[in-house]
Number of protein chains: 2
Amino acid sequence: MKDQEGSVTADDVAALVGVSRWTVNRAFKKDASISAKSREKVMKAAETLGYVPDLLATSLATDRTNLVALLVDDFANPHKLVMMERLTRILRKNGYDTLLVNTSDEEDASAALLNASQRRVDAAILIGVSFNDQSLETAIGAKRVKKLIVFARMSKNENTISVCCDDRAAMTAITEHVFAAGYRNPFFIAGPQTQSAHLQRKEIFLSQWEKTTGNRPKFASVDRYDPKLAYDLVVQRFKGAKQADLPDVLVCENDALALGACDAIRYELGLRVPEDIAITGFDDVPQASSPQYEITTYRQPLTDMANALVEVLEGKKRTKKLHAFLGRLIIRKSA
Amino acid sequence: MKDQEGSVTADDVAALVGVSRWTVNRAFKKDASISAKSREKVMKAAETLGYVPDLLATSLATDRTNLVALLVDDFANPHKLVMMERLTRILRKNGYDTLLVNTSDEEDASAALLNASQRRVDAAILIGVSFNDQSLETAIGAKRVKKLIVFARMSKNENTISVCCDDRAAMTAITEHVFAAGYRNPFFIAGPQTQSAHLQRKEIFLSQWEKTTGNRPKFASVDRYDPKLAYDLVVQRFKGAKQADLPDVLVCENDALALGACDAIRYELGLRVPEDIAITGFDDVPQASSPQYEITTYRQPLTDMANALVEVLEGKKRTKKLHAFLGRLIIRKSA
DNA sequence: TTGTACGCGTTATCAG
DNA sequence: CTGATAACGCGTACAA
């Protein structure tokens, strides 16, 4: 026999006030036809009883959960922390709660997604990368997930909506800056290459650079956005290389890679940044502005993007497949 | 008129198989009395129809959601990313989903907590710091939250369960190491001081050091676990100070602070780490092992802690108020 | 403005 | 082992 069992229902309040349960419900509904007097009485009683509507029951009845699943897979990328903070805050401000789904473990990924769908999330938001194209298809195919949104990336998938930064404008700005700064021998470090959640940064940079200078830069990619992997890549690729074979600037797909690359240049190649090899990143993670790094980077308009995301959730925006926003180039010392 | 409306219910499956809805349900329940044959038929039909039990309805009926709220407030601390990854993964492995609640905005905090409780989470897990003592009290008082667990911290609150690292053992190890390494003039940098989710590191270090050497170290604290704040603190406190007034080691409450302090020593004071001033941290965040920092730190047994957390959720562990685990000192170059 | 069936999809429990 | 009834807490639609 537990205490009074925490669960106060609308009936309890109704009984106390002396009205029907539905009147109580109306009191909690924004634009319901109820007399101010009734509402006031109800609210007061609710207060003393500690009643609040049960979202579980509400969701079950309305088929709207106000819950979204946030699928994340690369926890090694510090930018994820920034994104999560911004997204959860703005979503909450708009009445949404966030289910954090860790899909870094391939096996669990589909199970996790399935589970989220079983909770009838209003939408699934991908802010990961290497999310299995296959299970994504499955999820959509089964229509279990009402909306699938790819955040901060493009998606070629037909059934998906992308809310992201305008990569073309961004990389153009970076390219122009790098060129104007006098660098002539860039090397591009890319992240994982997937179909479902794609980034065009590499392609855009390569073609822009080729258009400008006539030659196509070399590049390489790593499997995850993990500074350590970028570190290893730089070591393996450039340690002991002849001066002539070294690039004069490393254009990185994002800061996570840039940070690792920067460490490698200094501690493994024994060279200086930017004097010997310059670096650019993307995202403007907090670390990028640390005096140790001072990475020249590009800041995504996260708030705009998050707000657009909300609009997509509410169905305000037309079912446009792509919502792209302009960010800002942040010039620091690294390039 | 939407398509077939995604929502396949047990009734649909039942109709297809030619049994009652309850038989279908039993097929999905681990230890239900149902013939193997029936189950097989049901499962096959479910597969083709794409049926999975609805967790909303299940929760409503069972009063168990298998959902926990993760309350986070200091997103500037990179260790949070590590914790979130570990927790979500282990929770999921044990059948729990995670609601990520951002409480960094004071105003939203209580609303967010209330909202989580309206979803009937099985427990609320605090991995933040400056969580408002007041709203915590409110939450517990209203009995809206069944279990309140403070992760990676101590809590003086009676109605709370702590799952954390043994700070006494940890700080003892750090103290001994620092002393053995020959440092004699330490300065402690602490984080925010709250009641609800407390850390004893400062107190323990101060008393241990005093016991060993006879003098009590000086210390200072910042409002958030943000490298930038530690950076500013070091600058403000030591920039331009006389050699004699400088400590020979900065013992930091965690890596977030250590990283910022390290930057300040090098870039603002123009000194070397560890030659001029050494540093120790806590948590062993990924960055701490970067060649730029090489921070001597202490790694919490996160997996053990997460598993203990699960046991608390399942009610296996006695309602012990505190569950502490032993971590490991990681010695690097910074001290 | 207020009150009344009925349904949302599942589980617990009892009858057959 | 299987079918049926009640209940979880609330929303919609309609009637009063």
Side-chain angles (χ1 to χ4, degrees), chain A residues 2 4-15 17-43 45-46 49-67 115 117-122 144 146, chain B residues 2 5-43 45-46 49-67 115 117-122 144 146:
Chain A
K2 308 180 180 179
Q4 58 185 41
E5 189 55 33
S7 48
V8 187
T9 84
D11 278 317
D12 300 327
V13 180
V17 180
V19 294
S20 74
R21 172 167 72 76
W22 294 272
T23 302
V24 174
N25 270 304
R26 278 188 257 268
F28 279 88
K29 211 180 165 190
K30 191 69 183 169
D31 41 303
S33 59
I34 180 179
S35 69
K37 213 177 69 178
S38 296
R39 168 170 277 151
E40 189 179 354
K41 280 196 301 184
V42 169
M43 292 313 250
L49 255 46
Y51 167 79
V52 274
D54 184 330
L55 288 180
L56 236 55
T58 302
S59 298
L60 186 57
T62 59
D63 197 41
R64 193 174 193 260
T65 54
N66 276 34
L67 183 67
N115 216 263
S117 77
Q118 285 184 268
R119 293 194 189 276
R120 300 221 208 155
V121 291
D122 288 340
R144 302 276 334 159
K146 305 174 196 164
Chain B
K2 307 179 182 178
E5 190 53 33
S7 47
V8 186
T9 82
D11 277 319
D12 300 327
V13 180
L16 180 60
V17 180
V19 295
S20 75
R21 165 154 53 90
W22 297 275
T23 301
V24 172
N25 273 306
R26 277 188 261 265
F28 278 87
K29 212 178 165 192
K30 191 70 181 171
D31 41 304
S33 61
I34 180 180
S35 69
K37 213 177 74 177
S38 295
R39 170 168 275 151
E40 189 178 356
K41 280 197 301 184
V42 168
M43 293 312 250
L49 255 46
Y51 167 80
V52 275
D54 185 331
L55 288 180
L56 238 53
T58 302
S59 299
L60 186 58
T62 58
D63 197 42
R64 192 175 195 259
T65 54
N66 275 35
L67 184 67
N115 216 264
S117 76
Q118 286 184 266
R119 292 194 189 276
R120 302 221 206 151
V121 292
D122 289 339
R144 303 275 334 157
K146 306 175 198 165

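In what follows, chains are A, B, ... by sequence order, proteins preceding strands, each numbered from 1.
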Protein heavy-atom contacts under 4.0 Å, written 5' to 3' over nucleotides 5-10 of chain D as B (base), S (sugar-phosphate only) or - (none), form the string B--BBB
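Here chain A contacts DNA chain C (any atom closer than 4.0 Å to a heavy atom, that is under 4.0 Å), and the contacts span C:dT1 to C:dG9 from 5' to 3'.
Considering only heavy atoms from C-beta on, B:L49 comes within 4.5 Å of B:L16 through its side chain. A:R120 is listed as a side-chain neighbour of A:L60, based on a closest heavy-atom distance under 4.5 Å. For the pair B:N25/B:K29, no side-chain contact is recorded, criterion being any heavy-atom separation below 4.5 Å from C-beta on.
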Begin from the C-alpha positions of B:L67 and B:D122 and carry the test side chain to side chain contact (heavy atoms under 4.5 Å, CB included) through to its verdict. CA-CA 6 Å; B:L67 184 67; B:D122 289 339; 5.7 Å; no
Output, in order, the C-alpha distance, side-chain angles, deciding distance and verdict of side chain to side chain contact (heavy atoms under 4.5 Å, CB included) for B:R119 and B:T65. CA-CA 8 Å; B:R119 292 194 189 276; B:T65 54; over 6 Å; no
Tell me, with the steps shown, if A:N66 and A:L55 meet side chain to side chain contact (heavy atoms under 4.5 Å, CB included). CA-CA 9 Å; A:N66 276 34; A:L55 288 180; over 6 Å; no
Using side chain to side chain contact (heavy atoms under 4.5 Å, CB included), reason through A:V17 and A:V24 one step at a time and then give a plain yes or no. CA-CA 9 Å; A:V17 180; A:V24 174; 5.6 Å; no
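Comparing the local axis fitted to the first five base pairs of the helix from C:dT1-D:dA16 to C:dG16-D:dC1 with the one fitted to its last five gives a bend of 40°, rounded to 10°.
Residues meeting the salt bridge (Lys or Arg N to Asp or Glu O under 4.0 Å) test with A:D12, sequence neighbours left out: none.
If you take CD1 of A:I34 and P of D:dG11, they are 13 Å apart, rounded to a whole angstrom. A straight line from NZ of A:K29 to C1' of D:dA13 spans 11 Å, rounded to a whole angstrom.
Residue pairs meeting the salt bridge (charged side-chain N to carboxylate O under 4.0 Å, His left out) criterion with at least one member in residues 33-43 of chain A: none, sequence neighbours excluded.
Of the possible donor and acceptor atoms, none in the side chain of B:Q118 sits under 3.5 Å from a partner among the backbone N and O of A:V52. Side chain of A:T62 to main chain of A:T58: a donor-acceptor pair is present (N/O by atom type, distance under 3.5 Å, no hydrogens or angles). Between the side chain of B:T23 and the backbone N or O of B:V19, no donor-acceptor pair lies under 3.5 Å.
Atom CZ of A:R21 is separated from atom OG1 of A:T9 by 8.0 Å, given to the nearest 0.5 angstrom.
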Between the protein and nucleotides 14-16 of chain D, which nitrogen or oxygen pairs are less than 3.5 angstrom apart?
none

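Within the nucleic acid shown, A:S38 comes within 4.0 Å of sugar-phosphate atoms alone, with no base atom in reach, counting heavy atoms only.
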